Novice: 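Have a look at this one.
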2 protein chains.
Amino acid sequence: MNQFVKFISQFISLSNEDTIALENVLSNKSYKAGDKIVQQGNICNSILFTVSGKARSYFVNHEGQEFTWNFHFNDADSKFENYFLVDYHSFLRQTPSHLTIEALEDIEAITLSYTNIQKIVSKSINLEKVASIMSATAYQNVHKRAFTLLTSNAKERYLQLLKDEPYLLNKFQHYLIASYLGVAPQSLSRLRKEISKP
Amino acid sequence: MNQFVKFISQFISLSNEDTIALENVLSNKSYKAGDKIVQQGNICNSILFTVSGKARSYFVNHEGQEFTWNFHFNDADSKFENYFLVDYHSFLRQTPSHLTIEALEDIEAITLSYTNIQKIVSKSINLEKVASIMSATAYQNVHKRAFTLLTSNAKERYLQLLKDEPYLLNKFQHYLIASYLGVAPQSLSRLRKEISKP
DNA sequence: CACTTTCATTCACATTTGTGAAGAAATGAA
DNA sequence: TTCATTTCTTCACAAATGTGAATGAAAGTG
């Protein structure tokens, strides 16, 4: 069974017709390490479900600095949002993306385009829940992110990462983690030292 | 005409039936300055549209510190989100609120309950757009908030506020603005001094 | 009006975080 | 393996931000 369909069926019950309708609009896509899967400024017109490989999403400010928004991969540790290669904001509103998503390794993915999701949503009421779950999740995550950034300092943010998603430290380079936390790599290093031996 | 209906009809075209259906489920509610309109930990079960008065939403961390999430008021300067007294996250998912919303002045508001919105949404497809616009807007705002906090320092955040919503400085006390920006009141004061005479 | 309370500002100093440079460690390529 | 490249850590110092106390301005109250 298609991995994406399997994933979705954890959250909503799909009839046979739904499953078939869904599978019919899905296709496979692969990217090479270094490829830009989504480009800042372009409209993100499909949702990609990661099957294998790692990616990261980030934005670049006017000075050219990169800020990691999230990490993308598919394994036992993955959270909902980690599976998807998409700028929700851009996808849902069909506006230019703020994010760039870059393959850190070769990527295998399953793709569902904006036009295709429209088709199946209009046919099958059940599938509306997919979009609803995804946007609710996206909202929840971004809310938590804003909350954390507003209320916590660098050390607290790192401790929260250690608690909530410690596996990221093994999967991704520390300078990417640092930019995810909103600190300089050297500062992250200092925090790690400080915390390891109190 | 009901102010809330008027507001909504800027965004979606309401048939006469829709308008009547909507007006039937709306009611007026007032609060005294200091009242808690939404309480952190409680489920937020209605959307309130501000007619007059000012409020702010904030969360309190484990140490009792307050962080201002947003400001709420209705006048020429108001942005979409400023009109509404609601924790979207709590409202949409019917989960405990992260926010407390407190009346800073006496408040007149129009209320639309969760159960009532369900009723009219099922009757009138058109009104589905209300929820969709509101949640998309909420998402957009929280996204921008997270983005700004991740990528900008205190000075840049203050300059952005000066650019995007300078009227807040006249409407709300500076220590509240400071907590909205995520800085100490003294630091905001220092930034203001620094920026006023370069 | 005088009195009290709240808020904004300022200052000195502490703490946190950033920065550039250097070297150590890890990784990848031949 | 060896060599080159990348990443991580460490350090010294700089810049940004927090903190507590003091002051004065503004607003509210009688």
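Just so we're clear, the structure is a prediction, and the values are computed from it rather than from any experiment. Protein chains get the first letters and strands the later ones, always in sequence-line order, with residue 1 at the start of each.
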Novice: With respect to the side chain of B:Ser187, which nucleotide from C:dT19, D:dT19, C:dC7 is positioned closest?
Specialist: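 Closest nucleotide to the B:Ser187 side chain: D:dT19.
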
Novice: In this structure, how many angstroms lie between the C1' atom of C:dA8 and the CG atom of B:Asn170, rounded?
Specialist: 15 Å

Novice: Starting from P on C:dT5, measure out to OH on B:Tyr175 and report it in whole angstrom.
Specialist: 16 Å

Novice: Go through D:dG18, C:dT19, C:dC7 for me and flag the one nearest to the B:Ala184 side chain.
Specialist: D:dG18

Novice: Using a distance-only test with no angle check, is there a side-chain donor-acceptor pair under 3.5 angstrom linking A:Ser113 and A:Asn116?
Specialist: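 Per modelled atom types, A:Ser113 and A:Asn116 side chains form a pair under 3.5 Å.
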
Novice: Do A:Asn141 and A:Glu81 get their side chains close enough for a donor-acceptor pair, meaning under 3.5 Å?
Specialist: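 Their side chains do contain a donor-acceptor pair, which is all the 3.5 Å distance test asks for.
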
Novice: Using atom CZ of A:Arg190 as one end and atom P of D:dC13 as the other, report the distance to the nearest whole Å.
Specialist: 14 Å

Novice: Could you check how far OH of A:Tyr158 sits from P of C:dT16, rounded to whole Å?
Specialist: 17 Å

Novice: Out of A:Glu165, A:Arg157, A:Arg56, A:Arg145, which residue meets the side chain to side chain donor-acceptor pair (under 3.5 Å) rule with A:Tyr180?
Specialist: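 That would be A:Glu165.
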
Novice: Provide, to the nearest angstrom, the distance between the CG atom belonging to A:Leu188 and the C1' atom belonging to D:dC8.
Specialist: 10 Å

Novice: At under 4.0 Å, does any side-chain N or O of A:Lys193 touch on OP1 or OP2 of D:dC11?
Specialist: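 It does, given that an N or O in the side chain of A:Lys193 lies less than 4.0 Å from OP1 or OP2 of D:dC11.
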
Novice: In whole angstrom, what separates B:Glu156's CD from D:dT17's P?
Specialist: 9 Å

Novice: Of the options C:dT19, C:dG18, C:dA8, whose atoms approach the side-chain atoms of A:Gln186 most closely?
Specialist: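 My answer, after comparing the listed nucleotides, is C:dT19.
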
Novice: What about B:Leu104 and B:Ile37, same hydrophobic cluster or not, with Ile/Leu/Val/Met/Phe/Trp/Tyr joined at side-chain heavy-atom distances under 4.5 Å?
Specialist: no

Novice: Using atom CD of B:Gln65 as one end and atom P of D:dG18 as the other, report the distance to the nearest whole Å.
Specialist: 10 Å

Novice: Write down the distance between CG (A:Leu191) and C1' (C:dT15), rounded to a whole number of angstrom.
Specialist: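 The distance from CG of A:Leu191 to C1' of C:dT15 comes to 13 Å, rounded to the nearest Å.
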
Novice: With the side chain of B:Arg192 defined as its heavy atoms from C-beta on, choose the nearest nucleotide among C:dT9, C:dT10, D:dG18.
Specialist: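 My answer, after comparing the listed nucleotides, is C:dT9.
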
